[in-house]
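Notes for the one structure printed next.
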2 protein chains.
Amino acid sequence: MDERLRIPKPTARRLSLYLRELEALKEAGLVSINSTQLGKALGFTGAQVRKDFATFGTFGRPGVGYSVFHLCGTIKQIMGTDRTWDVAVVGAGKIGLAITTYPRFIDRGFKVVAIFDNNPNIIGTTVTNHKVRPVADMTRIIPLRDIRLAILAVPVTVAQELADRLVASGITGILNFAPVRLRVPDGIGVSSVDFSRSLEQLALETSIDFC
Amino acid sequence: MDERLRIPKPTARRLSLYLRELEALKEAGLVSINSTQLGKALGFTGAQVRKDFATFGTFGRPGVGYSVFHLCGTIKQIMGTDRTWDVAVVGAGKIGLAITTYPRFIDRGFKVVAIFDNNPNIIGTTVTNHKVRPVADMTRIIPLRDIRLAILAVPVTVAQELADRLVASGITGILNFAPVRLRVPDGIGVSSVDFSRSLEQLALETSIDFC
DNA sequence: CGTTGTGAAATGATTCACAGCT
DNA sequence: AGCTGTGAATCATTTCACAACG
């Protein structure tokens, strides 16, 4: 369908911000928006917005701006969130549970469909309609349901081992909450959330003048 | 003490990764490390590592490498985590509670010392020794305890308003979990964690070849 | 020797500025 | 008139390559 698409990393990171803003504008009934306005709402310049959009096609109407509806659709399609992704959660500790019940996933195109843990006291309990299953079941369930994305919320010590097993089961993207750099094969995506690192960035900004 | 320090943003982001790795190496008893090894462990080139360290001084010994101990100390000092930062948590929902009890903060230089919420059913309950207080108390407690960092884990609809109140109370850095861009005055740091965005990045990487 | 520290070169991203479309 | 799309210019970051050093 699309030939060969190369999106610079910074542009890729901004895409979800554009989408978030555009969905809000659509909700508010706005039909079209120009690059300057959209940029101002997100803290970018108009030129930045236009360059970003130009990487994946030509949409704007000179003198008018961009169709909010069309842009939403196109960005969702590029990000792959025009469909719903099934997600597996590994680790039913506090973070795993909080994320499993996170209410904003579903209208953004993600649906938690399975939860795994190794703690015998937790296995079998129910979280939002899903029985917590032993991690040993991962290898069976993930290919069976053709799950591609996983959320890894386990202790640092076992994170790499479980990541390996996820990849072996067919997962192509891991959202990692353990403060460790996961080694994964080429073609597998990892996106990490490290609460301590985030706080450290704040401490640094507060300590040094300009970063 | 230091004259005027300018750290490029990408370097700043890598600093906490260096620290994490170096602490592990120190723990393992390693005395010195060279830029190539350290880089390999984190996925950077040796030149990158040396340039990064060069932004804040001259440490390495040609022919030998860097003192793990010295480097840890220096990076911590620059990041401001050679002391412990008191942190306030706003929002005692699932995410707020998970983060309040997150066990890895303390040895990274952060300590949750107060929790606020507005839900009458939650106010007064106890989480890890801390009574959940009404948000109205923020304005009093934060200056009183001289708290600089806050974790904001509240619904999108009230995030901006609470951010304003945090800033007014003297907070200089906010770790934001709400999927919204917070508007804050110059000099106030914001670092955001958006679970949906993180998953979207993975979906995008899985959909497109190279980002 | 092996490894740092650093100018110089290469790459990458952002901003400028304006021709051209509606 | 107003705003897009985009080459050209600027700015930032990374990589190269090597002299200097312990």
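Letters go in sequence order (proteins before strands), and every chain restarts at 1.
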Pairing of A:Lys26 and A:Glu23 as salt bridge, 4.0 angstrom limit: yes

Smallest separation among heavy atoms of B:Met79 and B:Leu19, with atom names: CE-CD2, 3.9 Å

DNA chain D contacts made by residues 19-27 of chain B, counting heavy atoms under 4.0 Å: none

Separation of B:Leu204 CG from A:Thr81 OG1 (nearest 0.5 Å): 9.0 Å

NZ or CZ of A:Arg104 within 45° of B:Phe195 ring axis and under 6.0 Å: no

Sugar-phosphate only, base, or nothing, as touched by B:Phe59 at under 4.0 Å among non-hydrogen atoms: sugar-phosphate

Spacing between B:Asn34 atom CG and D:dG22 atom C1', to the nearest angstrom: 15 Å

Result of checking B:Tyr66, B:Phe44, B:Phe59 against B:Phe53 for ring-ring contact (aromatic ring centres under 6.0 Å, His included): B:Tyr66

Length of the CD1-P vector between A:Ile33 and D:dG2, whole Å: 18 Å

Interatomic distance, A:Ile7 CD1 vs C:dA13 P [rounded to whole Å]: 12 Å

Main-chain N/O of A:Asp82 paired with A:Gln77 side-chain donor or acceptor, under 3.5 Å: no

Presence of salt bridge, B:Arg148 and B:Asp86, under 4.0 angstrom: no

Any A:Tyr66 side-chain nitrogen or oxygen under 4.0 Å from OP1 or OP2 of D:dG2: no

Sugar-phosphate, base or nothing in reach of A:Thr36, heavy atoms under 4.0 Å: nothing

Sugar-phosphate only, base, or nothing, as touched by B:Gly63 at under 4.0 Å among non-hydrogen atoms: base

Terminal axes of the helix from C:dC1-D:dG22 to C:dT22-D:dA1 (five pairs each): angle between them, nearest 10 degrees: 10°

Under 4.0 Å protein heavy-atom contacts per nucleotide of nucleotides 6-16 of chain D, with B for base, S for backbone only and - for none: BBB----SSBB

A:Asp194/B:Arg20 ion pair, N-O < 4.0 Å: yes

A:Thr101 vs B:Lys94 side-chain heavy atoms within contact, under 4.5 Å: yes

Nearest non-hydrogen partners of B:Ile188 and B:Val184, listed with the distance: O-CG2, 3.6 Å

Side-chain donor/acceptor of B:Arg133 to backbone N/O of B:Ala114, under 3.5 Å: no

